[in-house]
Number of protein chains: 2
Amino acid sequence: MNQKKIHIALVDDHSLFRSGIANLLREFNDIKVVFEAANGKELQEILTEKKEVDVILMDINMPLIDGYLATSWVKKRYPKIHVLALSMFDDDIAVIKMLKAGAGGYILKESKPQELYRAINEIKEKGIYLNELVSGKMLKDFQKSKSLLIKENLLSEREIEFIKLCVSELTYKEIAEAMNLAPKSVHNYREHLFLRLKLRSRVGLVMFAIKNKLVDID
Amino acid sequence: MNQKKIHIALVDDHSLFRSGIANLLREFNDIKVVFEAANGKELQEILTEKKEVDVILMDINMPLIDGYLATSWVKKRYPKIHVLALSMFDDDIAVIKMLKAGAGGYILKESKPQELYRAINEIKEKGIYLNELVSGKMLKDFQKSKSLLIKENLLSEREIEFIKLCVSELTYKEIAEAMNLAPKSVHNYREHLFLRLKLRSRVGLVMFAIKNKLVDID
DNA sequence: ACAAAAAAAGGTAAAAATACCTTTTTTCAA
DNA sequence: TTGAAAAAAGGTATTTTTACCTTTTTTTGT
């Protein structure tokens, strides 16, 4: 067993829940809860004073500063501190957002104490704790499919070709050349798409293309 | 045990490797290799004829049509067929690209037969097989950090604010209002950034912002 | 308190993007 | 084969973007 205990911070707006967790963690003698905070704001205040924390157990829905913002804030300033998201809900978007914000894992509040304990240890050791809940959702997010517009062929091949070319620094004149069209024809494509997609600028079209996975920009 | 065997297709440009795998899979009597292909092109040809495949074991580096394209093609036309990427290399980008293309899992060619067998079964049952290799890389990709430009404060707060506003359909005039600046000042920001980032259009700036995770566009 | 640097604002002109139309050509289904 | 629809091309005008400058104001380090 390690000499040093794992230092935990609890961030959750329900004091009763915090107490419950703190009490539960007291069972494990290599874990020590060093402080609690009722929300992200409070966490920020405390963290600027006390920094000897290894893992923060972070709720998501909290007043003032929520779990996403708090996690981003923590990871930016104290990258060595690990964050384990602890949430009531098995919600796809919440999981993805917390991971993107920098959380190393995500477990449900209804998990068994043993899973929490294991998660804390893995996060402390490897920085990440990935269960099936999380990795499945990550893959889903990776593979999230194109929008209906695309799937149902509401855009022609040629329109898609045009849109892809728009996601670049080419001018429309250059796009026309690339498509072997007169500049005027390219303007037809643009206007037609602007009308149908309710856009008012090329940047809008670019954002549409990226959102709908017509292009991959990485 | 299931009545029906799991139907496997092997796609790899090394015939010897295919034979090896085929031979190995013969050990498992709930698995049947229904055909082999030397590359994505060949797979496409065979697949338009024979469709009774459950899982395709797909190599990545192949001539004519590689594993990424072949996987996209398969998942678009036959979404029920699962793809398990089978690669020589533990390469971050390759893993991510295969998963984004639609693969349900990724294992190394140096894996033990038992892992391959387990992967095939899980893919067949759940559509996904995620080992630590893969889920770790997914998280890394999620959390991949901002570029040095951003990290090292080579962009001012105000510049970042400006860039974020550029990722929208606002005109520069409107951006100026939003930033409480004269239109001319906004043009200074633009020109300064264009110069430093070697850009020639706002779309370029938008792509820069997305690539560097200044904005999240989903 | 001062010089230097950065931010904000302005001038002018050209190129590109946007809007709103019409006409010609091609495609394709009835 | 014909006629309706879609694609391609053109006309014209306005707004926006881009480029290349200068000047004024504010910030900042010393």
Side-chain angles (χ1 to χ4, degrees), chain A residues 146-212 214-215 217, chain B residues 146-212 214-215 217:
Chain A
K146 296 176 177 171
S147 74
L148 286 183
L149 259 176
I150 316 300
K151 278 218 203 90
E152 300 184 358
N153 291 322
L154 296 178
L155 296 175
S156 70
E157 279 301 314
R158 206 72 169 140
E159 280 174 324
I160 291 175
E161 187 187 347
F162 168 71
I163 296 176
K164 284 181 178 170
L165 286 166
C166 280
V167 187
S168 75
E169 291 200 307
L170 297 174
T171 64
Y172 287 124
K173 203 196 285 182
E174 291 165 330
I175 291 175
E177 277 171 40
M179 291 181 75
N180 265 307
L181 286 176
K184 286 294 174 181
S185 313
V186 157
H187 287 308
N188 287 137
Y189 279 100
R190 185 184 48 70
E191 292 207 16
H192 191 211
L193 286 167
F194 276 26
L195 198 67
R196 276 202 290 161
L197 307 176
K198 299 197 206 317
L199 303 173
R200 44 190 286 248
S201 75
R202 180 160 161 184
V203 170
L205 188 59
V206 167
M207 292 193 296
F208 168 86
I210 296 168
K211 273 190 197 146
N212 291 283
L214 281 177
V215 291
I217 200 173
Chain B
K146 296 176 177 171
S147 75
L148 287 182
L149 260 175
I150 316 300
K151 278 217 202 90
E152 300 182 358
N153 291 322
L154 295 178
L155 296 176
S156 70
E157 279 301 315
R158 207 72 168 141
E159 280 175 323
I160 291 174
E161 187 186 349
F162 168 71
I163 295 176
K164 284 181 177 170
L165 287 166
C166 280
V167 187
S168 76
E169 291 201 305
L170 297 174
T171 66
Y172 288 124
K173 203 197 284 183
E174 290 165 331
I175 291 175
E177 277 172 38
M179 291 181 73
N180 265 308
L181 287 175
K184 287 293 174 180
S185 314
V186 156
H187 288 308
N188 287 136
Y189 278 100
R190 186 184 48 71
E191 293 208 14
H192 192 209
L193 287 168
F194 275 26
L195 198 67
R196 276 202 291 160
L197 307 176
K198 298 197 207 318
L199 303 173
R200 44 189 287 247
S201 75
R202 180 161 163 185
V203 169
L205 187 59
V206 167
M207 293 193 294
F208 168 85
I210 296 168
K211 274 190 196 143
N212 292 284
L214 282 176
V215 289
I217 198 172

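First the proteins, then the strands, lettered A, B, ... as listed; each starts at 1.
- Between the CZ atom of R196(A) and the P atom of dA6(D) there is a distance of 10 Å, given to the nearest Å.
- Contact check for L155(A) versus L193(A): side-chain heavy atoms found under the 4.5 Å cut-off.
- Partners of K184(A) by side chain to side chain contact (heavy atoms under 4.5 Å, CB included), not counting sequence neighbours: none found.
- Ion pair E161(B)/R158(B) flagged as a salt bridge, since at least one NZ, NE, NH1 or NH2 atom sits closer than 4.0 Å to an Asp/Glu carboxylate oxygen.
- Look at CG on L181(A): it is 16 Å from P on dT25(C), rounded to the nearest Å.
- With rounding to whole Å, R158(B) atom CZ is found 18 Å from dT28(D) atom C1'.
- Computed from coordinates, the E161(B) CD to dA7(C) C1' distance equals 13 Å when rounded to whole Å.
- The distance from the CG atom of L197(B) to the NE2 atom of H192(B) is 9.0 Å, given to the nearest 0.5 Å.
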At under 4.0 Å between heavy atoms, how does the protein contact nucleotides 10-16 of chain C? Give one character per nucleotide, 5' to 3', with B, S or -. BBB---S
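- Using the six-membered ring where Trp is involved, F162(A) and Y172(A) have ring planes that are parallel, under 30° apart on the 30 and 60° scheme.
- We find that CZ of F162(A) is positioned 14 Å from C1' of dA7(D), with the value rounded to whole Å.
- Put simply, CE on M207(A) and CG on N212(A) are 11.5 Å apart, with the number rounded to the nearest 0.5 Å.
- Note: NE2 (H187(A)) to P (dC21(C)) measures 17 Å, nearest angstrom.
- Separating the CD atom of E174(B) from the P atom of dT18(C) is a distance of 13 Å, rounded to the nearest angstrom.
- Distances were taken from every side-chain heavy atom of F194(B) (C-beta onward) to each of dA9(C), dT18(C), dA19(D); the shortest belongs to dA19(D).
- Atom CD of E159(A) is separated from atom P of dA6(D) by 11 Å (rounded to the nearest Å).
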